[in-house]
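First the proteins, then the strands, lettered A, B, ... as listed; each starts at 1. The model shown is predicted, which means the values in this text are computed figures rather than measured ones.
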Protein chains: 4
Amino acid sequence: MSEKPENPENPEKPDGPGKRRTADERPVRRQARGERRIAQLLEAAASVFCTTGYTAASTNAIAREAGVSPGTLYQFFPNKEAIAIELGDRLMHEMRDAYGEALAPVDPATPLEEAVAAAVDRFIDFNCRHPVFFTLMHGPDVPGRMAEQHDALHATLIARVEALLGPFLPDTPAADVRRTAQVCVGIYKAGLELVLAHEGAEREAYVRELKNVLVRYLAPLIVD
Amino acid sequence: MSEKPENPENPEKPDGPGKRRTADERPVRRQARGERRIAQLLEAAASVFCTTGYTAASTNAIAREAGVSPGTLYQFFPNKEAIAIELGDRLMHEMRDAYGEALAPVDPATPLEEAVAAAVDRFIDFNCRHPVFFTLMHGPDVPGRMAEQHDALHATLIARVEALLGPFLPDTPAADVRRTAQVCVGIYKAGLELVLAHEGAEREAYVRELKNVLVRYLAPLIVD
Amino acid sequence: MSEKPENPENPEKPDGPGKRRTADERPVRRQARGERRIAQLLEAAASVFCTTGYTAASTNAIAREAGVSPGTLYQFFPNKEAIAIELGDRLMHEMRDAYGEALAPVDPATPLEEAVAAAVDRFIDFNCRHPVFFTLMHGPDVPGRMAEQHDALHATLIARVEALLGPFLPDTPAADVRRTAQVCVGIYKAGLELVLAHEGAEREAYVRELKNVLVRYLAPLIVD
Amino acid sequence: MSEKPENPENPEKPDGPGKRRTADERPVRRQARGERRIAQLLEAAASVFCTTGYTAASTNAIAREAGVSPGTLYQFFPNKEAIAIELGDRLMHEMRDAYGEALAPVDPATPLEEAVAAAVDRFIDFNCRHPVFFTLMHGPDVPGRMAEQHDALHATLIARVEALLGPFLPDTPAADVRRTAQVCVGIYKAGLELVLAHEGAEREAYVRELKNVLVRYLAPLIVD
DNA sequence: GATGAATGAGGATTCATTCAT
DNA sequence: TATGAATGAATCCTCATTCAT
């Protein structure tokens, strides 16, 4: 959220990482109203992606859902992909902002159960508040920048989990840690799907199972 | 299944699995050529689904891949959904035919490791020979009969796994067995994705991890 | 019905009026089985034309309705138009056969009411037994041989009515008689539509009205 | 056509008749250009319907005739049916606007000849200026909303004629008046077809005949 | 003759994207 | 900026017709 602070009077600082450009490199300058529009559009996109999936989502539908005209949408995003990408970026940042501190360095003395439970609970919570995340995780059937976006999202998650695992696996080769992280994320995603597919007590039961899977998988790997 | 009495002189080799009926009509009389076309089309569809995903796959692309005209495709399938459904059906049948016996009743005395390893190996093998299966497992963003198809595929898998688990969990309530099966299938799918994403030694490593996850998850549930 | 008596042994008498040729001039030879097929197909066509209209009727639908394959249909008719044309021909002939004698020469001494009533009753009866007739009367939105067919049907009707009117209008110029016939046929058609659109007593009432319209229209034209 | 109050300072004059709403949405805001396009498209549709009939008319042909791309057509009409419906609506309104006052209440003292002649002349005139009207009168072979549209058109006509007849048939039961109106409209339509099919003096002659038919049909029903 | 297969152009409709106002 | 209009290629699907068996 904090990466487009352009004020109209100072539009052209050399591109920082937050500076966004449309595909054909006209700098996009955004004002307060613009930010609101963007938020509006991303929200709409999230909603549409959730209901129809990325591929079947139409930009017109997104614009309509956002209550603006197609033209307006294209004033802020150069194409459909860019919407998904920006959406993913924001989710990643929000994830970082919200859970970054908490997730990253964990005292290795923490019992595994606790660490896993905390991580899973946060992850589930985050996904319930942002159902698109799940949709975006399942990547776009088609290759393209959208796939990169998906990969970036994924990579972020992996990195996060690696960081989380690190302290517990001090003597494990990096490659193995990475693989373990990949497996954990895979389990996460699978579990999430089951959790989201159920409600109430059953959902709780699946949350417990997810934790069980992870704990049992990781426990033997950990040196005490 | 005995409904193609084509020529009176050579009435009936027992119907192969390709025998079809339209919802509202007499049995569809198919010539050998037609059966071949269907296989061809399904193969083409499998290929296209794998590359572009179900939603983005176009019937024209499938026809082109199969080397026939669009009209021909529609002679055999009323719409895109039907292709995916038939494809799923055939995969399910093939799965049943190929692994049914092996998977279903397992001697509870078999060590868990062995049972899991065998099941995983077969599953992976099956999926490597039929990459579409994975694509179809990742249901269609959109509802419709296609979703039912997906659910059917899923349900079949679940049932299969339940049957597999049964002997190992004699005293567990059915609901818990079912949940456990769901979790196992979820893990399967997640693991499969990782396995397919890697090659050679790394792939082997992921296969091992997948087995580990399952074994460690299941071991504590099992009564000795 | 009597116009295709070709027996296979003597296929090539110079074309009598009943001899039919496909567009590209291969003589079509028909045998008993063929006649049955043709009748079957025409019946099916009549049914389909009635339900969907000529334009929207598909040859495949006709073939299906007839319980034969598309190929078979094209063995007997070179195209869709030809089906309608043949259908019209047969209806015209049937009309001639059934009512020819009755309609043609009427004793001018017959009271007009009686003559009109008889003609209308027959006409209505004929149309109720052959609902396609009405459909074909409304001609094909598109020009082509089908239009000629329609015109032929129409012309036949007109001629018939002219013949009927003749004795009643001995001193009227031919052009006027013709115009009067056209008007009568128009009224017929309009009335028929109303009659067919109603049932029971209401239908009877419309039949009466139709007769009234005609009688009142014609009465003043007639010299006593 | 005052329905484009675009700017927020001039928010909402009560919807004029041209204001359109999609079934499920906010009022459609149309620019002047759009209104023009719609008129253009309807004109094109009218022309195409006249030449090929409704069923055989293709939206692509309509768009081409209007000189726009298919997409543009669909910006204004959800499908072919909607075009015909809107066309019918506009014709009905124009008929009402143009002849409403004139047709509706007629002094029963007016001689029947005069009343009929006036009505016929206006009707013929209207149809000559709007040849689609005739096409639309000949309902769509197929059922659907289009049929309703046709029925609405028809019903409007009937109502109009009933109103016209009312004063002349004060003591006739409503059902009979309605039937008489139906018959008159039927005669009208049949006569129109003949009139349109001829030119010059012959056309005039058919107009006279049409009037004769109606007058002679109605005269005996009228109480003096 | 009969069948089902095959064709391919055409029709309705959608959609990402660009344009004019 | 914002809007609705415009585009045209692409989709799904149909249909008259021809072909191979």
Just to confirm, is there a sub-4.0 Å distance from OP1 or OP2 of [N] to any side-chain nitrogen or oxygen of [X]?
X: B:S58; N: F:dC12; result: yes
X: A:T59; N: E:dT17; result: no
X: C:R37; N: E:dG1; result: no
X: C:R33; N: E:dG1; result: no

If I take atom [atom1] in residue [X] and atom [atom2] in nucleotide [N], what distance separates them, rounded to the nearest angstrom?
X: A:Y54; N: E:dC15; atom1: OH; atom2: P; value: 14 Å
X: D:R64; N: E:dA12; atom1: CZ; atom2: C1'; value: 13 Å
X: D:Q40; N: F:dA5; atom1: CD; atom2: C1'; value: 12 Å
X: D:L41; N: E:dT13; atom1: CG; atom2: C1'; value: 15 Å
X: C:I83; N: F:dC15; atom1: CD1; atom2: P; value: 14 Å
X: A:N60; N: F:dA5; atom1: CG; atom2: C1'; value: 12 Å

Inset, instruction - Establish, yes or no, whether the cationic atom of D:K80 lies under 6.0 Å from the six-membered ring centre of D:F49 and within 45° of the ring axis. - result: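 Cation-pi check for D:K80 and D:F49: fails.
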Legend entry - Residue-level proximity of residues 65-79 of chain D to DNA chain E when a heavy atom falls under 4.0 Å: D:G71, D:Y74, D:N79
Inset, instruction - Evaluate the side-chain proximity of C:L42 to C:F77: yes if any heavy-atom separation is below 4.5 Å, no if none is. - result: yes
Legend entry - Watson-Crick and G-U pairing of DNA chain F written in dot-bracket, each distance under 3.5 angstrom, with | for inter-strand partners: .||||||||||||||||||||
Inset, instruction - Verify the distance criterion only: is there a donor paired with an acceptor across the side chains of D:Y54 and C:T55 at less than 3.5 Å? - result: no
Between [X] and [Y], what is the shortest heavy-atom contact and its length?
X: D:L41; Y: D:T72; value: CD1-O, 4.5 Å
X: C:G53; Y: C:T135; value: CA-CG2, 4.5 Å
X: C:E65; Y: C:S47; value: OE2-OG, 3.4 Å
X: B:A45; Y: B:I83; value: CB-CG2, 3.4 Å

Legend entry - With D:S58 via side chain to side chain donor-acceptor pair (under 3.5 Å) - residues at least two apart: none
Inset, instruction - Count the heavy atoms of every other residue, nucleotide or ligand shown that sit under 6.0 Å from CD of D:Q40, and state whether that count exceeds 12. - result: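 Above 12, so yes.
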Inset, instruction - Select base, sugar-phosphate, or nothing to describe what A:A57 touches, counting heavy atoms under 4.0 Å on all strands. - result: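 Touches sugar-phosphate only.
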